[in-house]
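The structure appears right after this line, and notes come after that.
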2 protein chains.
Amino acid sequence: MSSDLHVTVAARLHQVGQRFTPGRRALVDVLDASERPLTLPEILEHDSSVAQSSAYRNLSVLERASVVRRISTTDEWARFELAEDLTEHHHHLICGICGTVEDFTVGADLELAVDRALRRIARRRGFAPEHHRLDLIGTCSRCV
Amino acid sequence: MSSDLHVTVAARLHQVGQRFTPGRRALVDVLDASERPLTLPEILEHDSSVAQSSAYRNLSVLERASVVRRISTTDEWARFELAEDLTEHHHHLICGICGTVEDFTVGADLELAVDRALRRIARRRGFAPEHHRLDLIGTCSRCV
DNA sequence: CTCAGTGCAAAGGATTTGCATGCCG
DNA sequence: CGGCATGCAAATCCTTTGCACTGAG
């Protein structure tokens with residue numbers, strides 16, 4: 001199951017001249033097991049075997065290898081998730097109070113309409129599109 | 001023209017027990033004059049009469065008064081813009097290299113479709129929607 | 001032997017806060 | 001007069017970096 005993932009990750013790391021070490025494997029596994037983007041403290045809770053600085057350093061390496069995506073929400077913590085082409089294209093419910101993020105997806109037709117519209121705008125502005133971001137900001141059930 | 005804006009801002013500040021001081025007026029005017037969200041250094045360039053800490057403090061007050069919206073992009077600086085109900089509902093082209101943000105709008109029909117889809121998701125998850133965010137991340141013309 | 005990867009501790013840097021002063025109401 | 005607003009400087013705190021050590025190839 002996730003051995004496919006490991007092979008892909010190893011390949012991408014190799015492409016940027018980096019190894020797939022146990023510490024990096026642990027990070028990938030934690031992110032893969034999560035339904036939502038995690039902050040660094042959350043990651044360390046799941047796996048306390050890595051030092052904080054190494055975790056940051058490895059997340060940065062994994063980001064350069066296109067394995068991990070870093071996202072900023074409303075609070076002071078960055079959140080990390082696996083790159084979309086390793087999982088599935090999705091969007092975020094972001095709680096404006098506690099900053100927690102949940103994943104969700106929308107229908108392919110809406111997705112397509114959005115993409116077409118954005119591509120047109122980008123062309124007009126001389127902007128090279130990479131990906132879009134469609135999030136809903138509000139208040140999660142726990143923050144009422 | 002912008003005196004309407006000043007009246008509205010004054011009212012909203014009053015609602016949270018704060019005054020509409022010259023320093024705050026300057027912030028509102030700078031943001032109102034800009035076509036895009038600004039970082040704090042950019043704001044201070046336009047008006048160096050306020051201390052950095054006061055600018056942050058006042059932006060925070062204005063945010064609590066629903067006059068200013070703070071947004072996070074890819075770089076380390078927060079960006080500030082006027083609340084959408086004081087301007088116009090819009091979206092952002094975000095450069096992944098330099099972090100610069102440009103505004104754009106999309107058609108009302110797409111806007112409606114997006115809003116309907118997101119509302120449905122939110123209801124299912126017990127999430128209280130506040131606003132959505134539809135951005136395009138890529139590379140701006142200056143970063144090639 | 002070499003060099004990437006790691007842990008620890010210290011530095012960085014955007015943002016926040018304490019405190020004394022000034023000013024509006 | 002009372003309390004908010006401001007400037008300055010110091011503190012915060014997430015994140016990055018320097019450095020010495022270790023282990024894989």
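Chain A is the first sequence line, chain B the second, and so forth, proteins listed ahead of strands; every chain is numbered from 1.
For dG5(C), neither phosphate oxygen OP1 nor OP2 lies less than 4.0 angstrom from any side-chain nitrogen or oxygen of Asn58(A). For Ser54(A), a side-chain nitrogen or oxygen approaches OP1 or OP2 of dG7(C) to under 4.0 Å.
Following rounding to the nearest Å, His14(A) (NE2) and dA4(C) (C1') show an atom-to-atom distance of 13 Å. Counting to the nearest Å, the C1' atom of dC4(D) and the CZ atom of Phe20(B) are 16 Å from each other. Protein atom CD of Gln52(B) is 13 Å distant from nucleotide atom P of dG13(C), rounded to whole Å. Leu40(A) has its CG atom 16 Å from the P atom of dC13(D), to the nearest Å. If you measure from atom CG of Leu44(A) to atom P of dT6(C), you get 13 Å, rounded to the nearest angstrom. Spacing between atom CH2 of Trp77(A) and atom P of dT12(D) amounts to 16 Å, rounded to whole angstrom units. Between Leu59(A) atom CG and dC14(D) atom P there is a gap of 16 Å when expressed in whole angstrom units. Between the C1' atom of dT15(C) and the CZ atom of Arg70(B) lies a distance of 7 Å, rounded to the nearest Å.
With salt bridges taken as basic N to acidic carboxylate O contacts below 4.0 Å, one links Asp85(A) and Arg12(A). Of the charged side-chain nitrogens involved, at least one lies within less than 4.0 Å of a carboxylate oxygen, so that Asp135(B) and Arg133(A) count as a salt-bridged pair. Ion pairing of Glu111(B) with Arg116(B) is absent here, as no side-chain N (NZ or NE/NH1/NH2) approaches a carboxylate O to less than 4.0 Å.
Checking His132(B) against His91(A) by side-chain atom types alone, no donor-acceptor pair falls below 3.5 Å. Remark: the His90(B) side chain and the Glu81(B) side chain contain an N/O donor-acceptor pair separated by less than 3.5 Å.
As judged by a 4.0 angstrom heavy-atom cut-off over every strand, Gly17(B) is placed among residues making no nucleic acid contact. In this structure, Ser49(A) reaches the sugar-phosphate backbone alone: every heavy-atom distance under 4.0 Å involves primed, P, OP1 or OP2 atoms, never a base. Within the nucleic acid shown, Arg24(B) comes within 4.0 Å of sugar-phosphate atoms alone, with no base atom in reach, counting heavy atoms only. Backbone-only engagement by Gln18(B) is indicated by non-hydrogen atom pairs under 4.0 Å involving sugar-phosphate atoms exclusively.
For Arg19(B), taking side-chain heavy atoms from C-beta onward, the closest of the listed nucleotides dG3(D), dC14(D), dG18(D) is dG3(D). The side chain of Ser53(A) lies closest to dT17(D), out of dT6(C), dT17(D), dT16(C).
If you find the closest nucleotide of DNA chain D to Ala78(A) and to Ala51(B), the one lying nearer the 5' end belongs to Ala51(B). Heavy-atom nearest nucleotides on DNA chain D were determined for Arg57(A) and for Pro41(A), and the one closer to the 5' end corresponds to Pro41(A).
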